[in-house]
Amino acid sequence: MGETVYVLQTCTEEDPESFYYYKQFEKKGRRDFGSDRTPTSPIPCKIWPGEAVLYHEELTNGNQRDVPIKFTDNQEGWEGAKVEWYTQKEVADLLGVSKATVNHYGKQKKIIKIRDPHRLHKEARYEKAEVDRLVYEKQSYPTGMSPNDVAKKLGLSVQSVYKYIQDGSIKAKAVPYGDERTIYVISETAYKETAELLKPSESQRPKRFEYYHPSQDIVLFQKFLSSKVPEARVIRNKDNEWGFYLPNIQKWLPFEKGVREFQLKPVYPIHQSTFEYKGYLELEIPKDAVVFYPFLDYLYETGGMENIRLREQDHTVLLFIRAGERPLTTKGFFAADILPFLIKGDMYYEEGHLIFRSSYRKTSLELPIDQLESMTELAEQEGISMSKWVEHKLSFILK
């Protein structure tokens, strides 16, 4: 039986819950509970500060029953009061919270922690009745995803999700959580509506949340390394969780683990001043192209994430690069290597600089206010800018 003896009550019609109830006795010293004992062989066990006598019959023939326990005076804790309890881990599992939160609940008096002044038990214990009440309350809460879950799935920051909840873009149910806190639960239907609403259309330039993680200050495909890892690339897995891909071993690591255990650090800063707006040129580069990583590293390092927009697709990456000039030293590629992937705009090398030119030129139109308002409404209905809306209409007319 090892170091612990369990005495179980038998499930009966009168007391069906007794099947789930047990008392645990800590046995001091090893004893043989083998078949050589008679059914009435006494097995004394010391249970500080009480004593109990177990009988061989109770441990072997299936007719387990409560055993008489003799208690000393001034009993404290569960041994004296015979209070049913859960361990701290059991409470955490039942409520779906951390053990630290369980400890916090005890301090808030939401659940009753059983006193253990002599530290007889390795793990804190809590009265069963209050825990069961909290579990029952939790079962009545609406089911769904938390804002953190939605943020991961959509590739957003948690702060952005809360902002969308507050302005009504994301439908969520507010649920009281504790005395002063409120949590939000987002149903599967609400999540699908949100995903469709926030899904960028092909005509829209990528939004920052598609390639930038603000709380970690990292961008997609950014290069990291350490003394332990020769190269790591920032990517998101299928659950939209940010982490590192290690090309040499073809392994994905969560971001926190890569930084903590492998000491991964960025190779270059990713922030630069925003260029004066001169439009964008567009490229679509396959992820497996030899020039893909060297070109992205160059863009991040010389122009910063402020001057590019990026949208990851299944096998390619769509890049919008703000027009302007950037110095070009040896970066593992030539301007000619990039030209096959150009969609709109122009790019060329001149006097030590890589020059990006947009295919757009700013212009202005003077129109009646009512027409401008109507055009704005129509553009908003299609989820595009008014300039893009005008471009589409003119393209149709000029065909």
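Remark: the backbone N or O of Tyr280 is paired with a side-chain donor or acceptor of Ser358 at under 3.5 angstrom. Under the 3.5 Å distance criterion, the side-chain polar atoms of Asp337 are left unmatched by any main-chain donor or acceptor of Phe295.
Between Leu398 and Lys393 there is no side-chain heavy-atom pair separated by less than 4.5 Å.
Counting non-hydrogen atoms of neighbouring residues, nucleotides and ligands closer than 6.0 angstrom, the CD atom of Gln313 exceeds 12 such neighbours. Heavy atoms of other residues, nucleotides or ligands lying less than 6.0 angstrom from CD of Glu351 number 12 at most. In the displayed structure, Lys287 atom NZ is contacted under 6.0 Å by more than 12 heavy atoms of other residues, nucleotides or ligands. For CZ of Phe334, the number of neighbouring non-hydrogen atoms (other residues, nucleotides, ligands) closer than 6.0 Å is 12 at most. A 6.0 Å sphere centred on CD1 of Ile369 holds no more than 12 heavy atoms belonging to other residues, nucleotides or ligands.
For His104, the side chain to side chain contact (heavy atoms under 4.5 Å, CB included) partners two or more places apart in sequence, or in a different chain, are Gln108. Under the side chain to side chain contact (heavy atoms under 4.5 Å, CB included) criterion, Tyr184 pairs with Pro147, Tyr162, Ile165, Gln166, Ala172, Ala174, sequence neighbours left out. The salt bridge (charged side-chain N to carboxylate O under 4.0 Å, His left out) search around Asp217 returns none, not counting sequence neighbours. A search for ring pair (Phe, Tyr, Trp, His ring centres under 6.0 Å) contacts involving Phe255 returns Phe244, not counting sequence neighbours.
Cation-pi check for Arg322 over Phe356 is not met; the charged atom does not lie both under 6.0 angstrom from the ring centroid and within 45 degrees of its normal.
Atom CD1 of Ile321 and atom CG of Leu283 lie 4.5 Å apart (nearest 0.5 Å).
The side-chain hydrogen bond (donor to acceptor under 3.5 Å, both in side chains) analysis of residues 338-349, with sequence neighbours excluded, yields the pairs Lys344-Tyr360. Every pair tested for salt bridge (charged side-chain N to carboxylate O under 4.0 Å, His left out) that includes a residue from residues 254-274 fails, sequence neighbours excluded, so the list is empty.
Across all their heavy atoms, Gln222 and Pro266 have their closest contact at NE2-CB, 3.4 Å.
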Q: Show your reasoning for whether side-chain contact (heavy atoms from CB on, under 4.5 Å) applies to Met386 and Glu380.
A: CA-CA 8 Å; Met386 189 167 68; Glu380 289 177 351; over 6 Å; no

Q: Report the C-alpha separation of Thr376 and Glu373 in whole Å, then their side-chain angles, then the decisive distance to 0.1 Å, and conclude whether the side-chain contact (heavy atoms from CB on, under 4.5 Å) test is met.
A: CA-CA 5 Å; Thr376 301; Glu373 290 177 348; 5.6 Å; no

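If you run side chain to side chain donor-acceptor pair (under 3.5 Å) between Glu306 and each of Gln272, Arg208, His271, only His271 comes through.
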